[in-house]
Amino acid sequence: MIELRPFDGLGGANHGWLDAKHHFSFAGYHDPARMHWGNLRVWNDDTIAPKTGFPPHPHRDMEIITYVREGAITHEDSLGNKGRTEAGDVQVMSAGTGIRHSEYNLEDVTTRIFQIWIIPTSDGEPPRWGAKPFPKGERAGQFVTLASGYDGDGDALPIRTDARVVGATLKAGESADYPLGKDRKAYLVPATGAIRIDDVQVNARDGAAISDVEVIRVTAIEDSEIVLVDAA
């Protein structure tokens, strides 16, 4: 089953410095039919104006993954971590027992991110943060695991949940398969371009909620950059 969630139909709010679109219920947007997708709780499409950002605020018991699409985001937290994550790269914050953090666009250009929250499998662990570059060339024509709750996923950033975040870049006409499994759920969003899954076209920033599929075959209609969450 593939349920298309067009970008134009997403909830959200424009705060001036932040134009946020919500694939799932978040903040002032509530839709009882879109509370989560498996253990995937939040997928926000955020556009952040230059020299602005999210001031320090707390989180706990959530895996928060930031995929930077354009520009860069600068992170600082109560553990003393500070880092700048730029377009194509990923950062992960495991909120654990509690953490305060800020996320600022210190650049001279607009920053665009996907902010993804996944419910953790276990609570009560200490908070942590990490970031990593993922060159788009390594994702050319195939899915690469960016963040994972599984030990066997090599260089992926670790998350404390039964899920993976994967990415791919496809040229127009190229296809890539992702082995999901019929007992899993996937949520896919093209950061750029347009793709097709079976007979469903998914355009840039649309969401596709996928279930009861053994293998997802994605075919690019245009050159496309794709992010997918494989959720329990």
Side-chain angles (χ1 to χ4, degrees), residues 18 20 22-27 35-46 48 53-69 71-106 111-135 138-139 143-167 180 184-189 191 227-232:
L18 170 68
H22 310 314
H23 286 261
F24 300 94
S25 294
F26 187 85
M35 292 301 297
H36 60 91
W37 187 243
N39 57 358
L40 172 61
R41 175 62 189 84
V42 169
W43 192 310
N44 289 346
D45 182 324
D46 290 341
I48 307 166
F54 301 91
H57 59 282
H59 289 286
R60 65 175 297 148
D61 296 329
M62 192 64 68
E63 301 298 298
I64 300 175
I65 300 99
T66 304
Y67 182 95
V68 183
R69 295 155 43 215
I73 201 79
T74 296
H75 168 97
E76 195 163 355
D77 64 41
S78 53
L79 301 178
N81 296 308
K82 186 171 183 178
R84 178 178 175 275
T85 306
E86 56 189 37
D89 299 343
V90 178
Q91 72 170 12
V92 167
M93 188 176 73
S94 295
T97 53
I99 190 171
R100 287 181 63 83
H101 76 122
S102 62
E103 306 289 339
Y104 285 108
N105 173 17
L106 301 179
T111 287
R112 292 179 172 85
I113 64 172
F114 289 147
Q115 184 185 165
I116 297 165
W117 296 14
I118 307 176
I119 299 166
T121 302
S122 59
D123 298 336
E125 298 190 59
R128 68 185 181 193
W129 172 85
K132 189 173 180 183
F134 285 95
E138 295 179 5
R139 293 180 256 159
F143 283 100
V144 170
T145 304
L146 309 176
S148 174
Y150 304 103
D151 291 337
D153 279 337
D155 294 335
L157 286 161
I159 50 178
R160 295 166 174 161
T161 187
D162 184 5
R164 288 184 178 92
V165 181
V166 302
L180 181 66
R184 307 281 295 180
K185 295 179 182 293
Y187 199 84
L188 179 151
V189 182
V227 183
L228 179 150
V229 171
D230 172 352

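This chain uses plain numbering: 1 for the first residue, then up along the sequence.
A heavy-atom distance below 4.5 Å is found between the side chains of Val189 and His23. Residues Val229 and Trp43 form a side-chain contact, since some pair of their non-hydrogen atoms from C-beta on lies under 4.5 Å apart. When side chains are defined from C-beta on, Glu86 does not count as touching Val68, because their heavy atoms never get closer than 4.5 Å. In this structure the side chain of Ile99 reaches within 4.5 angstrom of the side chain of Leu79, judged on heavy atoms. Side-chain contact check for Arg160 versus Thr121: every heavy-atom pair is 4.5 Å or farther apart.
Note that the CG atom of Asp61 and the OG atom of Ser122 stand 9.0 Å from one another [nearest 0.5 Å]. Atom CG of Asp77 is separated from atom CZ of Arg128 by 13.0 Å, given to the nearest 0.5 angstrom. The CZ atom of Arg69 sits 9.0 Å away from atom CD1 of Ile113, with the distance rounded to the nearest 0.5 Å. From Ile73, atom CD1 reaches atom OG1 of Thr66 across 7.5 Å, with rounding to the nearest 0.5 Å. From Gln91, atom CD reaches atom NE2 of His75 across 6.0 Å, with rounding to the nearest 0.5 Å. Here the CG-OG1 distance, from Leu228 to Thr145, works out to 10.0 Å after rounding to the nearest 0.5 Å.
Side chain of Thr111 to main chain of Ala72: a donor-acceptor pair is present (N/O by atom type, distance under 3.5 Å, no hydrogens or angles). Side-chain atoms of Thr161 never come within 3.5 Å of backbone atoms of Gly149 as a donor-acceptor pair (strictly under, hydrogens ignored). Panel note: side chain Asn105, backbone Ile48; a donor-acceptor pair is recorded below 3.5 Å. Side-chain atoms of Arg100 come within 3.5 Å of backbone N or O of Pro56 as a donor-acceptor pair. Under a 3.5 Å cut-off, the side chain of Asn44 and the backbone N or O of Asp46 do not form any donor-acceptor pair. With hydrogens and angles ignored, the 3.5 Å screen pairs no side-chain donor or acceptor of His22 with any backbone N or O of Phe24. A donor-acceptor pair under 3.5 Å is formed between the side chain of Asn39 and the backbone N or O of Ala232.
Gln115 and Glu103 share no side-chain donor-acceptor pair at under 3.5 Å.
Residues Pro127 and Ala95 approach most closely at CB-O, 3.3 Å, considering heavy atoms. Nearest heavy atom pair, residue Pro120 against residue Met62, reads CD-CA, 3.8 Å. When all heavy atoms of Thr85 and Ala131 are compared, the closest pair comes out as OG1-CB, 3.6 Å. In plain terms, the two heavy atoms of Ala163 and Ala231 that are nearest each other are CB-CA, 4.4 Å. Pro55 approaches Ser102 most closely through the heavy-atom pair C-CB, 4.0 Å. For the residue pair Arg60 and Thr97, the shortest heavy atom distance occurs at NH1-O, 3.4 Å.
Evaluated for a side-chain contact (heavy atoms from CB on, under 4.5 Å) with Leu146, the options Lys132, Arg164, Arg139 yield exactly one hit, Arg139.
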Stepwise side-chain contact (heavy atoms from CB on, under 4.5 Å) test for Met35 and Arg41: CA-CA 7 Å; Met35 292 301 297; Arg41 175 62 189 84; 4.0 Å; yes
Chi angles and distances behind the ring pair (Phe, Tyr, Trp, His ring centres under 6.0 Å) call for Trp117, His59: CA-CA 11 Å; Trp117 296 14; His59 289 286; 5.0 Å; yes
Worked check of side-chain contact (heavy atoms from CB on, under 4.5 Å) between Glu76 and His101: CA-CA 6 Å; Glu76 195 163 355; His101 76 122; over 6 Å; no
Derivation and outcome, side-chain contact (heavy atoms from CB on, under 4.5 Å), residues Val165 and Ile118: CA-CA 10 Å; Val165 181; Ile118 307 176; 4.2 Å; yes
CA sep, side-chain torsions, deciding dist, call: Asp45, Phe114, side-chain contact (heavy atoms from CB on, under 4.5 Å): CA-CA 5 Å; Asp45 182 324; Phe114 289 147; 3.6 Å; yes
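Heavy atoms from other residues, nucleotides or ligands lying under 6.0 Å from CG of Asp155 number 12 at most.
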